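Below is one structure; the comments refer to it alone.
Letters A, B, ... mirror the listed sequences (proteins, then strands); counts begin at 1. Treat the numbers as computed from the prediction; the structure is a model and nothing was measured.
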There are 2 protein chains.
Amino acid sequence: MKDKTKLIQDIREFNRFYTRLIGLLDGHLLDSDYSLAEARILYEIYVGKQISASQIVATLSMDKGYVSRILKKFEKEGLINKQNFSTDARVSLLALSEKGLKVFHTLNRASHDQVDALIAPLAVAKQKELVMHMQQIMQILNGSGK
Amino acid sequence: MKDKTKLIQDIREFNRFYTRLIGLLDGHLLDSDYSLAEARILYEIYVGKQISASQIVATLSMDKGYVSRILKKFEKEGLINKQNFSTDARVSLLALSEKGLKVFHTLNRASHDQVDALIAPLAVAKQKELVMHMQQIMQILNGSGK
DNA sequence: GCTGATTGTTGTCATAGGCAACAATTTATG
DNA sequence: CATAAATTGTTGCCTATGACAACAATCAGC
């Protein structure tokens with residue numbers, strides 16, 4: 001069982017590597033008016049279509065007070081619409097407004113371009129290999145690539 | 001060139017996946033007395049053996065004022081030793097003290113155990129596959145797996 | 001020797017974001 | 001059915017995070 005330690009060390013090396021990479025991507029991205037947390041929440045609302053605050057809290061592992069404040073800000077800026085959830089009066093279902101969609105697309109484009117620049121130097125075959133490895137990792141770690 | 005967009009989307013999905021994963025690992029880890037930034041700096045000093053503050057700033061992409069303060073705290077707590085660098089009076093070379101090593105090993109062990117728990121459910125063959133994919137990704141992205 | 005770059009320190013400040021108390025509601029349990 | 005326990009979301013409070021700029025000391029190049 002000695003080389004289990006080696007495996008773990010290798011994984012942690014990758015974690016450090018990817019922490020740095022994501023840090024660079026996210027960091028440069030944030031010349032926008034929105035924080036990383038805000039961008040992630042915006043993304044969750046976008047894909048969730050009709051999503052509750054507690055779902056966002058769960059999937060992003062964020063503090064519910066923090067999320068509540070950000071959502072309030074979004075609402076004040078007119079980025080989201082709230083809608084009552086039929087069977088539970090405590091929850092509202094959130095969706096992006098037109099303006100919210102515009103902001104999302106702006107951030108989305110910037111993030112897209114970041115990744116584009118990252119893989120631009122690679123041959124297309126390498127790019128495909130890269131994605132394949134990523135999907136394999138997701139599949140191994142949680143049993144689903146999607 | 002339509003499927004370059006698809007590739008980029010897949011990469012970004014992996015980035016979100018791994019952001020969440022690292023967030024969970026790091027988050028749970030921080031029941032310690034040290035912040036994530038402090039742990040990362042401690043790690044850099046550990047592997048760098050004799051490392052300067054500016055090197056830490058460069059490799060971790062952190063603000064130099066921020067790093068300076070953390071190093072001052074480390075020094076006050078007796079975690080590191082400073083040593084004059086022969087050919088440049090501005091820089092000090094940093095190394096972990098005995099106490100610093102102890103703290104590092106504590107954090108290191110906790111981080112190790114986190115990863116251990118993560119891969120524990122997997123068959124050994126799957127664990128090896130996982131590491132292989134990670135190393136491939138590092139190699140593709142920066143031309144070196146180490 | 002002077003000018004510009006580099007290393008590190010410090011002051012200042014905005015914000016991020018955790019924690020706990022709370023009201024409103026829903027669910028479970030007797 | 002009534003009461004207890006759990007859940008959703010809001011808010012107050014507070015500390016740590018971490019950016020930015022000004023600065024002194026030193027170093028490198030012309």
Side-chain angles (χ1 to χ4, degrees), chain A residues 19-20 22-42 44-45 48 50-77 80-95, chain B residues 19-20 22-24 26-42 44-45 48 50-77 80-95 107:
Chain A
T19 296
R20 276 195 296 272
I22 289 177
L24 290 183
L25 293 181
D26 288 346
H28 260 285
L29 193 57
L30 295 182
D31 303 330
S32 85
D33 294 337
Y34 295 89
S35 74
L36 180 56
E38 288 167 341
R40 294 177 72 193
I41 290 176
L42 221 43
E44 292 301 326
I45 299 174
Q50 299 282 69
I51 195 175
S52 73
S54 66
Q55 285 177 283
I56 295 174
V57 166
T59 52
L60 296 183
S61 304
M62 285 180 181
D63 180 75
K64 61 182 182 173
Y66 187 37
V67 169
S68 175
R69 269 175 251 268
I70 289 177
L71 291 176
K72 191 164 69 174
K73 182 190 162 198
F74 283 174
E75 212 181 352
K76 197 170 71 183
E77 293 178 10
I80 59 176
N81 297 319
K82 280 188 179 181
Q83 183 182 337
N84 293 339
F85 180 41
S86 34
T87 70
D88 191 333
R90 293 169 304 179
V91 338
S92 302
L93 294 184
L94 310 169
Chain B
T19 295
R20 275 194 297 272
I22 289 177
L24 291 183
D26 288 347
H28 259 285
L29 192 58
L30 296 182
D31 303 330
S32 84
D33 295 336
Y34 295 89
S35 73
L36 180 56
E38 287 168 341
R40 294 177 72 192
I41 290 177
L42 221 43
E44 291 301 327
I45 299 175
Q50 300 281 69
I51 194 175
S52 72
S54 66
Q55 285 177 282
I56 295 174
V57 166
T59 51
L60 296 184
S61 305
M62 284 180 181
D63 179 74
K64 61 183 182 173
Y66 188 37
V67 169
S68 175
R69 268 176 253 267
I70 290 177
L71 291 176
K72 191 163 70 175
K73 182 191 162 198
F74 282 174
E75 214 181 350
K76 197 170 71 182
E77 294 178 8
I80 59 176
N81 297 319
K82 279 188 178 180
Q83 183 182 337
N84 292 339
F85 181 40
S86 35
T87 69
D88 190 334
R90 293 168 304 178
V91 337
S92 302
L93 294 185
L94 310 169
L107 294 173

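Looking at the side chain of B:Lys72, the nearest of the listed nucleotides D:dG9, C:dG8, C:dT10 is C:dT10.
The heavy-atom pair separating B:Leu71 from B:Ile80 by the smallest distance is O-CD1, 3.7 Å. Counting all heavy atoms, side chain and backbone alike, B:Ala53 lies closest to B:Val67 at O-CG1, 4.4 Å.
A:Ile56 is listed as a side-chain neighbour of A:Leu94, based on a closest heavy-atom distance under 4.5 Å. Counting heavy atoms from C-beta outward, A:Arg40 and B:Thr19 have side chains that approach closer than 4.5 Å. A:Phe74 places a side-chain heavy atom less than 4.5 Å from the side chain of A:Ile41.
Using a 4.0 Å heavy-atom criterion, one finds that B:Lys82 contacts the sugar-phosphate atoms exclusively. Among the heavy atoms of the strands lying under 4.0 Å from A:Ser54 are primed sugar atoms or P, OP1, OP2 only; no base atom is included.
Residue A:Ser68 places none of its side-chain N or O atoms closer than 4.0 Å to OP1 or OP2 of D:dG9. An OP1 or OP2 oxygen of D:dT17 is reached within less than 4.0 angstrom by a side-chain nitrogen or oxygen of B:Ser35.
With sequence neighbours left out, A:Ala37 forms a side chain to side chain contact (heavy atoms under 4.5 Å, CB included) with A:Ser35, A:Met62, A:Tyr66, A:Ile70. For B:Ser54, the side-chain hydrogen bond (donor to acceptor under 3.5 Å, both in side chains) partners two or more places apart in sequence, or in a different chain, are B:Ser52. Residues passing the salt bridge (Lys or Arg N to Asp or Glu O under 4.0 Å) test with B:Lys82, sequence neighbours excluded: B:Glu75.
Spacing between atom CG of A:Asp33 and atom C1' of C:dA14 amounts to 15 Å, rounded to whole angstrom units. Remark: P of D:dT8 and CG of A:Leu71 are 14 Å apart, rounded to the nearest angstrom. C:dA16 atom P lies 20 Å from atom CG of B:Asp26, rounded to whole Å. Look at NZ on A:Lys73: it is 14 Å from C1' on C:dG17, rounded to the nearest Å. The nearest whole Å value for the distance from the CD atom in A:Glu38 to the C1' atom in C:dA14 is 14 Å. The nearest whole Å value for the distance from the CG atom in B:Leu94 to the P atom in C:dT7 is 14 Å. Rounded to an integer number of Å, the gap from CG of B:Leu93 to C1' of C:dT7 is 12 Å. Going from atom CG of A:Asn84 over to atom P of C:dT25 covers 11 Å, rounded to whole Å.
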Nucleotide by nucleotide, 5' to 3', does protein get under 4.0 Å of the base (B), only the sugar-phosphate (S), or neither (-) in nucleotides 19-30 of chain D, counting heavy atoms? BB----BBS---

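For the salt bridge (charged side-chain N to carboxylate O under 4.0 Å, His left out) condition, the pairs that include at least one residue of residues 83-93 of chain B, sequence neighbours left out, are B:Asp88-B:Arg90.
Bending across the helix from C:dG1-D:dC30 to C:dG30-D:dC1, expressed as the angle between its end axes from five pairs apiece, amounts to 30° (10° rounding).
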